[in-house]
Amino acid sequence: MARTGVFVCHCGTNIAKTVVCEQVAQAARAMPGVVYATDYRYICSAPGQQLIQEAIRDQNLDSVVVASCSPRLHEPTFRRCVEEAGLNPYLMEMANIREQCSWVHDDQALATAKAIALVRAAVAKVQRNEPLFSEQLPLTKRALVLGGGIAGIQAALDIADAGYEVLLVERSPSIGGHMAQFDKTFPTLDCAACILTPKMVDAASHPNIRLLTWSELESVQGYVGNFEVTIRQKARYVDAELCIGCAECWVRCPVKNVPAEFDEGLGPRTAIYVPFPQAVPLVPVIDKEHCRYLTEGKCGVCAKRCPKDCIRYDDEDKLSTEQVGALVVATGFDVEKGALYGEYGYGQYENVITGLEFERLVNLSGPTEGKVLRPSDQQPPQTVVFVQCAGSRDPAKGVPYCSRVCCMYTAKQVLLLKEKHPETDVYVFYLDIRAGGKNYEEFVQRVQDEFGAKYIRGRPSAIFPSGDKLVVRGADTMLGLPVEVEADLVVLASPILAREDAKDVARKLGLDTDQHSFFTEAHPKLRPAETLTAGVYLAGGCQFAKDIPDAVASAGAAAAKVVGLFAKDSLESEPMIAEVDEASCVGCLNCLEVCPFTAIEEKQIEDPRTKQVRTVASVNAAICEGCGTCAAACPSKCITVKGFKDSQLLAAIDILAV
Amino acid sequence: MTKTTTSATQTATTPWEPKIVGILCYWCTYAGADLAGSSRLKQAPNVRVVRVPCSGRIDPLFVLRAFARGADAVLVSGCHPGDCHYSKGNYYCRRRLSVFKRLLEFIGIPKERFRVHWISAAEGQQFAQVVNTMTEEVRRLGPFRWQEAAGAAAQQGIAGR
């Protein structure tokens with residue numbers, strides 16, 4: 001026999017003004033299974049909660065209904081309250097007679113009648129509730145950071161500094177990412193390499209960080225706290241343990257004309273190479289497509305020259321499996337190759353380049369040793385035109401968004417150019433100037449005022465050759481006049497895009513991407529570092545285009561989430577989750593198909609009666625969020641959500657429909 | 001109009017009031033209803049709410065049961081498609097219930113008595129409006145008598161052959 005206690009709150013006059021609380025309590029006393037009912041001014045107060053706790057003890061209550069404000073406000077309060085009195089917290093239900101009753105109705109009789117109905121429904125439900133308990137799940141306190149750009153490096157350092165082991169996996173031969181390609185960074189004009197390389201070295205030498213470069217994530221199994229990741233370490237053909245980075249091999253390599261990825265193809269590299277001189281680790285890799293020994297069996301100079309005998313032509317990819325508890329995705333972004341507008345002639349005219357390519361030209365370690373020279377004739381340009389929004393903000397080109405960094409890096413590039421070549425004539429075609437960061441606006445103003453760059457508000461419609469120059473035809477919309485500039489070099493601020501294989505990575509991790517392949521965060525405002533996959537977090541440009549300060553901040557946010565996860569001794573599972581009745585489950589796995597969190601797995605059991613092995617559904621308590629989509633999809637009605645079972649919900653509906 | 005059946009709150013002599021069962025998702029519409037409450041937006045007291053974690057939890061059985069037990073109308077509401085707190089639950093709800101609406105009509109429950117809305121946690125106004133509009137429309141339709149409606153639908157089915 002149920003022993004339910006009902007507590008009706010006045011909430012001062014908030015409820016009592018419209019709902020006659022004494023009448024509700026009186027009606028409650030007559031409800032089946034209710035052995036105690038009372039009303040009180042403020043049930044959430046200390047004496048109010050005491051009233052509940054005393055009643056639980058004195059009246060031997062086995063279930064409690066609190067008729068008061070919205071459960072969204074005080075459900076945790078009253079759950080804690082009954083738990084302290086020795087009652088399972090899930091044997092407490094609330095009836096919302098304030099937000100959804102007294103505050104919105106005028107007629108006292110009707111409002112009181114509704115309150116009584118809501119209490120009756122809550123009583124019927126709570127009497128069908130079962131005690132629920134959290135499960136303790138194991139937790140591996142190791143993190144994997146996928147991507148070794150500035151965001152990945154920062155996240156790895158933050159997690160490692162907190163005392164946890166980190167695996168930093170990077171697909172190129174060195175960490176550093178795109179930031180390593182930049183010259184000076186806005187708005188401080190810090191040299192990118194100068195501020196990045198100390199962090200790269202920190203990451204490599206940190207006792208808690210294990211660096212796996214030239215490596216890819218092969219697959220991920222498991223769930224939060226218990227991931228099993230398989231990593232492919234690609235064949236380097238160089239023994240990284242022995243290599244001292246002496247450069248004998250790459251200096252001697254006879255293959256000298258492979259377009260260097262790091263220089264955006266503007267300069268060459270060798271077949272055995274490090275991507276840039278400050279590479280971490282300073283261990284080369286052999287490009288097996290271009291190495292003469294690996295393709296034709298000839299040469300072998302590097303092996304002969306290496307003082308430590310590190311070359312391993314017989315090297316193979318290695319697969320290894322690691323256990324981690326959390327993953328931080330920091331796979332970064334790509335810069336579009338400039339060809340979105342055929343009218344701008346990228347790819348057709350050598351002297352039309354992208355912003356990232358310009359960065360390599362102006363950088364001292366680039367293919368022109370920091371001199372800005374026209375690709376066509378290696379001559380310094382007299383007139384340079386920068387075109388902002390060369391593809392971004394254009395839905396017709398599939399890039400409706402603003403790439404966020406181009407206004408700033410264009411201004412920076414103008415400044416660097418004018419510093420080196422003050423006599424150059426510089427024009428910037430822009431639509432808007434988006435300089436919304438700390439000291440950003442001042443920086444752009446400075447470039448316009450101090451450095452004499454001419455900013456023209458308008459968009460070029462065509463770029464075409466005239467002799468050995470390029471004519472940039474556009475409009476100055478502020479003057480309302482067409483404009484033509486004869487340029488020697490044109491720099492297109494092309495869009496920031498998601499990585500080409502972002503969708504593949506997303507699939508491996510069970511993540512969502514938006515229509516532009518940027519990874520989807522759990523909530524765009526309130527949970528930017530998390531995803532809807534528990535234990536997988538986001539940092540940096542893979543979530544959306546962002547500048548370095550934002551990338552570093554987002555990495556810190558992701559690291560904080562990881563450290564917060566690891567701060568517990570074990571994971572407590574949410575009790576109001578799905579549950580399978582294996583006896584009646586037919587193994588159709590409809591539930592597995594519909595689960596938004598891939599929290600349901602196939603399980604083989606031995607039927608206790610027939611001894612045959614059959615398939616049933618199995619819920620992973622660590623991932624299940626308790627939405628109940630499976631419960632509604634089950635044709636056998638054998639999977640349900642604890643706390644929201646059919647029997648419980650129908651009991652409430654039965655009351656409210658009468 | 002008076003109902004011939006008695007209930008806990010009405011007798012044979014009290015005027016009939018529409019009885020609407022609302023099944024709301026906790027994260028969006030229930031929160032929107034709370035917001036309507038904090039904003040003191042006046043509503044008809046005819047909608048009584050059962051909360052579910054997600055509109056995806058809603059089994060068509062719940063809707064049928066509400067009508068079978070005496071509801072004059074049923075309101076289902078959840079997060080806007082694309083905004084489900086559990087990412088996809090409301091998509092399944094939408095598909096399931098749009099097919100189900102056709103079945104309801106077939107068995108004699110007119111579509112005006114079963115409404116599916118998508119109301120977010122910020123849309124207190126919309127919630128209050130839906131409650132008031134729906135109550136008035138159901139009031140005009142009158143009390144729902146399942147036996148009569150099912151009988152009429154069956155007759156129609158037979159006549160149509």
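In what follows, chains are A, B, ... by sequence order, proteins preceding strands, each numbered from 1. Given the structure is predicted, the values throughout are model-derived calculations rather than measurements.
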Is it the case that over 12 heavy atoms from other parts of the model lie below 6.0 angstrom from the NZ atom of Lys17(A)? no
Looking only at heavy atoms and a cut-off of under 4.5 Å, which of Asp34(B), Val21(B), Val50(B), Ile20(B) has the most pairs with chain A? Asp34(B)
Is it the side chain or the backbone of Ala31(B) that comes within 4.5 Å of chain A heavy atoms, both, or neither? both
Minimum heavy-atom distance Tyr86(B)-Glu625(A), with the two atoms named: CE2-O, 3.4 Å
Let's test your reading of the structure: which of Ala66(B), Pro60(B), Cys93(B) forms the most heavy-atom pairs below 4.5 Å with chain A? Ala66(B)
In terms of heavy-atom contacts, Arg57(B) and Ala631(A) come closest through NH1-CB, 3.5 Å
Can you list, pair by pair, the side-chain donor-acceptor contacts under 3.5 Å of residues 94-110 of chain B, counting residues two or more places apart and other chains?
{"residue": "Arg96(B)", "atom": "NH1", "partner": "Gly56(B)", "partner atom": "O", "Å": "3.0"}
{"residue": "Ser98(B)", "atom": "OG", "partner": "Arg94(B)", "partner atom": "O", "Å": "2.9"}
{"residue": "Ser98(B)", "atom": "OG", "partner": "Arg95(B)", "partner atom": "O", "Å": "3.1"}

Hey, what do you get for CG (Leu649(A)) to CZ (Arg51(B)), rounding to the nearest 0.5 Å? 10.0 Å
What part of Ala68(B) is in contact with chain A, defined as an atom under 4.5 angstrom from a non-hydrogen atom: side chain, backbone, both or neither? neither
Atom pair OG1/CG of Thr640(A) and Asp59(B) - distance to nearest 0.5 Å: 9.5 Å
Heavy-atom proximity to chain B below 4.5 Å, by part of Ala27(A): neither
Contact winner vs chain B - Asp646(A), Leu73(A), Val641(A), Leu118(A), heavy-atom pairs under 4.5 Å: Asp646(A)
Could you look at Val74(B) and say if it's the side chain, the backbone, both or neither that has a heavy atom under 4.5 Å from chain A? neither
So for Tyr91(B), is it side chain, backbone, both, or neither that comes closer than 4.5 Å to the heavy atoms of chain A? neither
What distance do Asn90(B) atom CG and Cys627(A) atom SG have between them, rounded to the nearest 0.5 Å? 10.0 Å
For atom CD of Gln125(B), is the number of surrounding heavy atoms from other residues, nucleotides or ligands below 6.0 Å larger than 12? no
Heavy-atom pairs under 4.5 Å with chain B are the metric here; pick the option from Leu110(A), Leu650(A), Ile655(A), Thr520(A) that has the most. Leu650(A)
By a 4.5 Å heavy-atom criterion (distance strictly below it), what part of Tyr26(B) contacts chain A: side chain, backbone, both, or neither? both
Nearest heavy-atom pair of Asp654(A) and Arg69(B): which atoms, and what distance? OD1-NE, 3.1 Å
Heavy-atom contact with chain B under 4.5 Å, split by part of Lys125(A): neither
Test your reading of the model: is there a side-chain donor-acceptor pair from Lys114(A) to the backbone of Arg48(B), 3.5 Å cut-off? no
I need the contact set between residues 95-105 of chain A and chain B: heavy-atom distance under 4.5 Å, sorted by residue number. Asn96(A), Glu99(A), Gln100(A), Trp103(A), Val104(A), His105(A)
Looking at Gly89(B) and Pro596(A), what are the two nearest heavy atoms and their distance? N-CG, 4.3 Å
Toward chain A, the part of Ile23(B) with a non-hydrogen atom under 4.5 Å: side chain
Counting distance only, does the side-chain N/O of Lys88(B) pair as donor-acceptor with the main-chain N or O of Phe597(A) below 3.5 Å? no
Counting heavy atoms not belonging to Lys111(B), are there more than 12 under 6.0 Å from its NZ? no
dist Asp107(A):CG -> Lys42(B):NZ (nearest 0.5 Å) comes out at 11.5 Å
Is Tyr92(B) in contact with chain A via its backbone, its side chain, both, or neither, using a 4.5 Å heavy-atom distance? side chain
Among the options Leu61(B), Val49(B), Asn46(B), Leu35(B), pick out the one with the most heavy-atom pairs lying under 4.5 Å from chain A. Val49(B)
